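First up is the structure itself, then whatever we jot down about it.
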Amino acid sequence: MSTILHVFFCFLMFIITSFNLGLQSGNFLHFNGDANTTTPHYPKPKQSHSKHRKLLLHGCSKRDISISQSRHPTSGIPEFIVQIVNTCVTGCPPSNIHVRCGWFASTRILNPITFKRLSYDDCLVNGGRPLKSSQSIRLTYANSFMYPFQFKSASFC
């Protein structure tokens, strides 16, 4: 079951990355960087005089950090799977990514290089290192409730 779930998440992240779409369904929560909205933001298309379609490229911003979360079916203490993905295809990869995480805690041990709570409502992703284009950070934590993760800040060169 775990392998099927992992393959599903990889496929899902591929779709999000490929089409730069926000994901919103009953099983996932999607936050695209703005505290007041869960709707994806799309830049206006540029006019082209070419007969061929061109890929619209833009610099990286907070909209390109996708955070999704789902409950992992287990017995005992509930487990939750979090995916943090850089959906930006051009520009400098974001680094020093921080997310709002409340008093995040897990009964399951997490690698602090992958995800670490620094203080209340401030968790560091990927040890502060850049999150390359289409790269994702996946973590599974266990707690009696789901923490509402939300993008806080990052360095975009």
Side-chain angles (χ1 to χ4, degrees), residues 2 5-6 8-43 57-157:
S2 178
L5 190 58
H6 180 66
F8 172 75
F9 279 118
C10 290
F11 175 74
L12 194 57
M13 289 302 111
F14 172 76
I15 297 297
I16 291 170
T17 303
S18 297
F19 300 104
N20 198 15
L21 293 176
L23 174 67
Q24 187 155 357
S25 72
N27 294 333
F28 289 87
L29 300 174
H30 178 80
F31 303 98
N32 51 339
D34 188 352
N36 299 323
T37 183
T38 56
T39 306
H41 176 271
Y42 302 103
L57 302 176
H58 63 283
C60 297
S61 72
K62 66 182 182 179
R63 295 184 315 254
D64 297 307
I65 306 298
S66 172
I67 303 172
S68 58
Q69 183 171 186
S70 67
R71 182 169 180 174
H72 185 262
T74 59
S75 60
I77 299 173
E79 290 187 353
F80 303 94
I81 299 168
V82 179
Q83 290 268 125
I84 302 170
V85 183
N86 173 13
T87 61
C88 185
V89 293
T90 63
C92 179
S95 60
N96 203 27
I97 300 169
H98 292 257
V99 296
R100 296 185 191 284
C101 57
W103 284 114
F104 176 77
S106 176
T107 59
R108 184 177 184 168
I109 297 174
L110 301 177
N111 182 346
I113 294 173
T114 303
F115 193 81
K116 181 179 182 180
R117 182 172 56 88
L118 302 175
S119 63
Y120 173 74
D121 217 22
D122 186 16
C123 290
L124 182 63
V125 177
N126 200 30
R129 294 183 313 273
L131 195 61
K132 297 176 184 150
S133 179
S134 302
Q135 182 181 358
S136 74
I137 298 293
R138 181 179 187 266
L139 62 110
T140 303
Y141 70 93
N143 203 312
S144 56
F145 60 90
M146 181 185 290
Y147 285 93
F149 295 106
Q150 189 175 46
F151 177 83
K152 183 175 183 177
S153 67
S155 298
F156 295 97
C157 296

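From a predicted model like this one, the values you see are computed outputs, not experimental measurements. Index from 1, following the sequence.
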task: Calculate, to the nearest 0.5 Å, the distance between atoms NZ and CG belonging to K116 and N111 respectively.
output: 10.5 Å

- prompt: Do P94 and I65 touch side chain to side chain, with heavy atoms closer than 4.5 Å?
  reply: yes

query: Has the side chain of N126 got a donor or acceptor atom that lies under 3.5 Å from a matching backbone atom of T114?
result: no

- prompt: W103 and R117: side-chain contact (heavy atoms from CB on, under 4.5 Å), yes or no, with the steps?
  reply: CA-CA 8 Å; W103 284 114; R117 182 172 56 88; 3.3 Å; yes

Backbone of A142 reached by a side-chain donor or acceptor of S106 within 3.5 Å: yes

message: Does L118, at its CG atom, have more than 12 non-hydrogen atoms belonging to other residues, nucleotides or ligands within less than 6.0 Å?
response: yes

query: Any side-chain heavy atom of I113 sitting closer than 4.5 Å to one from R129?
result: yes

message: Let me confirm one number: the OG-CG distance from S134 to N86, rounded to the nearest 0.5 Å.
response: 7.0 Å

- prompt: Y141 pairs by side chain to side chain donor-acceptor pair (under 3.5 Å) with which of E79, H72, Q69?
  reply: Q69

query: Is there a side-chain contact between L131 and V85, using heavy atoms and a 4.5 Å cut-off?
result: no

statement: Rounding to 0.5 Å, atoms CZ (F145) and CD1 (I77) come to a distance of 12.5 Å

query: If you measure from NZ on K152 to SG on C101, what distance do you get to the nearest 0.5 Å?
result: 8.0 Å

task: To the nearest 0.5 Å, tell me how far L139 CG sits from L110 CG.
output: 6.0 Å

Contact summary for S70 and M146, nearest pair of heavy atoms: C-CE, 4.3 Å

message: Any side-chain to backbone donor/acceptor pair from D122 onto H98? Under 3.5 Å, distance only.
response: no

query: Would you say S133's side chain and C88's backbone share a donor-acceptor pair under 3.5 angstrom?
result: yes

Test item: I67 and Q150 side chains (from C-beta on) under 4.5 Å apart, heavy atoms: no

- request: Determine, using ring centers only, whether Y147 and F80 are less than 6.0 Å apart.
  value: no

- prompt: Would you call F115 and V125 a side-chain contact if the rule is heavy atoms closer than 4.5 Å?
  reply: yes

- request: Could you grab the distance from atom CZ of F151 to atom CD1 of I97, nearest 0.5 Å is fine?
  value: 7.0 Å

task: Return the minimal non-hydrogen interatomic distance between N143 and A105, and the atom names on each side.
output: ND2-O, 2.9 Å

